[in-house]
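Residue numbers run from 1 in the order of the sequence given.
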Amino acid sequence: DVQWLIALDLNDTNWQQVVSESLQLLNLIMRDEIRGADVPDARRRVGLLTSRSLSDQQYQLVVAMVSDLVVANTFYDAEQTQAQRREAREAVEPVHWTIRQGESVLREGEIVSELAYEKLAALDILDVGWRWQDVIGYVLLSAALVVVISLYVATSQPLLLHRPRRELLLVLLMVLSGVLVRLLVPGHRLMPYLFPTAAFAMLITILLDGHLAILTSAITALLLGISAGGSVELVTYALVGSVIGSLTTRKVDHVGAFVSSGVYVALGGAAVVLAFHLSSQIHDAVGLVQLLASSTANGVLSASLAFVAFSIIGRLFGITTSLQLLELARPTHPLFRRLLMDAPGTYHHSIVVSNMSERAAEAIGADALLARVASYYHDIGKVAHPYFFVENQSDGVNPHDNLDPRTSAEIIIGHVQDGIDLARKHRLPDRIIDSIPEHHGTTLVAYFYRRASQDANEQAVDQNDYRYPGPRPQTKESAILMLADSIEAIVRAKRPATQGELEHIIRQVINDRLVGGQLDSCELTLKDLDTIREAFGSVLQGIFHPRIEYPEGVTGKAESADSTPR
């Protein structure tokens, strides 16, 4: 090599300098610990440590010789390493940490330290894997809850079984609440207090039934408590908030009802938090403030979600909501205004029927708002041919005098289909549309049927040609509307002079509808019918009460506006 040629050219003095420098440099470098991976770095140090007093040839020769001689002088001994590790571990004094009940191990947003991680591991919180025992347990619990809901619906809510869209809504809400509980609650401290269980209760109350909402609330609260590690406080917290939300939204007739419901839910949740915190032996002021803030946010969130979902889900699943009914009850609604302009007699008839229906529905606990609005639109089909109906004939001319009975009956019966078409065109809710055919049921157009029988000269007349197509009333509200419609028309025609005559007409119509089977498909009881009779009587007595006959000559406004009883 070139280095050896350089060495042969050196004299004895220069060679001795190279040997001396090499030995010193090698001794200096090998004195340090050099592992196999450190050899390249150690060899690079040779050139940096070589004396600069040497000539270039001597410098190159020293670097070449020493670099070849630098090798690893430290090797890994597995047994010795393990032994030293054991000695070091045994030399460490044990440190004990006690985790007290109710102590906050790790708050949301904090950085996980080694100590916090060790505490979580000791509490078995880090183990998020599924065991077969857990799977079987959840399956059994879910099956038991499904059986409970199914039995309740079958025994207490049988009408729900015949309304598939409402059944689907209930299933979707329950599944959604269960899935969200499993995704959002486990492993969180504040999220369970923010979870809007009351929103689901409010929705089920408004769209389906209040009692069903309380049952589903209890199930959701149970799932929430289980997902949060079996916390009795959370079960109570969720249940109280849900029940309050359900009870405060049983009648939603304005948007402010959601605001007040959210306030009550927040107050109820705060009361539960304070109750459990005060009974605890550990007092965490910061944690208490966070929980109270969470309960307040829960009330706001529940009310907001319930209102937004209520506005969307009702139309999506064909469920008539109170806000829709309030909109339809406005006199400025185009269809209702058309009734006033084109068929004023029918309009005033509908107003009286609405007062009767609302009073009766309130008396028996039915939906008074639905009964009133259904009454407004039950005869809307008459606007297609208003002059064929007696209440709109002001000039004394009856077009039925020039028609045969069957044609007249077809026109009268046809206002039902005309009403359905108009209601669908204006996108009225399904419950209102259903009341249009149901309020007539399968009753007979008796007047034209008798005329046809008289003209037939003992020939058989098919009653089906003179009977409304139905169906019979399926709800309490439709049944009340049927009775109110018939009674108002007869009372207006006969003008009873005494209260006894008025009560006789009301009883007679109710008995005829009951005996004729028109009330077989609704849930009215005999007690309900008696209550309805009294409600109708109180309304009609105030409208059709007899008036005294004023003496001749009393025509002035001041003279006729005295305190004479009417």
In plain terms, say whether [X] and [Y] are close enough for a salt bridge, that is, a side-chain N and a carboxylate O under 4.0 Å apart.
| X | Y | value |
| --- | --- | --- |
| Arg492 | Glu488 | yes |
| Lys527 | Asp530 | no |
| Lys382 | Glu391 | yes |
| Arg424 | Asp421 | no |

Taking atom [atom1] of [X] as the centre, does the number of heavy atoms from other residues, nucleotides or ligands within less than 6.0 Å exceed 12?
| X | atom1 | result |
| --- | --- | --- |
| Leu526 | CG | no |
| Arg427 | CZ | no |
| Tyr264 | OH | no |

Heavy-atom check, side chain of Tyr466 versus side chain of Pro405, under 4.5 Å: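 They are in side-chain contact.
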Is there a side-chain contact between Gln393 and Pro399 in this structure, where contact means two heavy atoms from C-beta onward sitting under 4.5 Å apart?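 They are in side-chain contact.
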Strictly by modelled atom types, are [X] and [Y] linked by a side-chain donor-acceptor pair under 3.5 Å?
| X | Y | result |
| --- | --- | --- |
| Ser261 | Thr248 | yes |
| Ser217 | Thr220 | no |
| Arg467 | Thr443 | no |
| Thr531 | Asp528 | no |

Can any side-chain N or O of [X] pair as donor or acceptor with the backbone N or O of [Y] at less than 3.5 Å?
| X | Y | result |
| --- | --- | --- |
| Ser435 | Ile432 | yes |
| Ser478 | Gln474 | no |
| Asn392 | Pro386 | yes |
| Ser375 | Ala371 | yes |
| Ser354 | Ile351 | yes |
| His349 | Thr346 | no |
| Ser304 | Leu301 | no |
| Asp485 | Leu481 | no |
| Asp462 | Asp465 | no |
| Tyr237 | Tyr193 | yes |

Derivation of the ring pair (Phe, Tyr, Trp, His ring centres under 6.0 Å) call for Tyr347 and Tyr376: CA-CA 8 Å; Tyr347 173 85; Tyr376 287 161; 8.0 Å; no
Inter-residue atom distance [X].[atom1] - [Y].[atom2], 0.5 Å rounding:
| X | Y | atom1 | atom2 | result |
| --- | --- | --- | --- | --- |
| Glu327 | Ser322 | CD | OG | 12.0 Å |
| Glu358 | Ile480 | CD | CD1 | 11.0 Å |
| Phe200 | Met174 | CZ | CE | 9.5 Å |
| Ile433 | Ile380 | CD1 | CD1 | 12.0 Å |
| Ile420 | Leu428 | CD1 | CG | 12.0 Å |
| Leu169 | Leu203 | CG | CG | 8.0 Å |

Kindly list each side-chain donor-acceptor pair under 3.5 angstrom involving residues 513-524, sequence neighbours excluded, with atom names and distances?
from	atom 1	to	atom 2	distance (Å)
Arg513	NH2	Ser486	OG	2.9
Gln518	OE1	Thr442	N	3.0
Gln518	NE2	Thr442	OG1	3.0

Tell me the salt bridge (Lys or Arg N to Asp or Glu O under 4.0 Å) pairs involving residues 431-451, sequence neighbours left out?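 Sorted result for residues 431-451: Arg431-Glu477.
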Residue pair Ala452 / Val461: nearest heavy atoms and the distance that separates them: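 Here Ala452 and Val461 meet closest at O-CG2, 3.8 Å.
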Can you say whether the rings of [X] and [Y] are parallel (under 30°), tilted (30 to 60°) or perpendicular (over 60°)?
| X | Y | answer |
| --- | --- | --- |
| Phe310 | Phe258 | tilted |
| Phe389 | His415 | perpendicular |
| His333 | Tyr377 | perpendicular |

Could you go through the side chain to side chain donor-acceptor pair (under 3.5 Å) check for Ser295 and Asn298 one step at a time? CA-CA 5 Å; Ser295 65; Asn298 183 283; over 6 Å; no
Sole residue of Val148, Leu208, Asp209, Leu212 in side chain to side chain contact (heavy atoms under 4.5 Å, CB included) with Val153: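 Going through the options one by one, the only one that passes is Leu212.
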Qualifying residues under ring-ring contact (aromatic ring centres under 6.0 Å, His included), relative to His400, sequence neighbours excluded: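 By the ring-ring contact (aromatic ring centres under 6.0 Å, His included) rule, His400 matches Phe388, Phe448.
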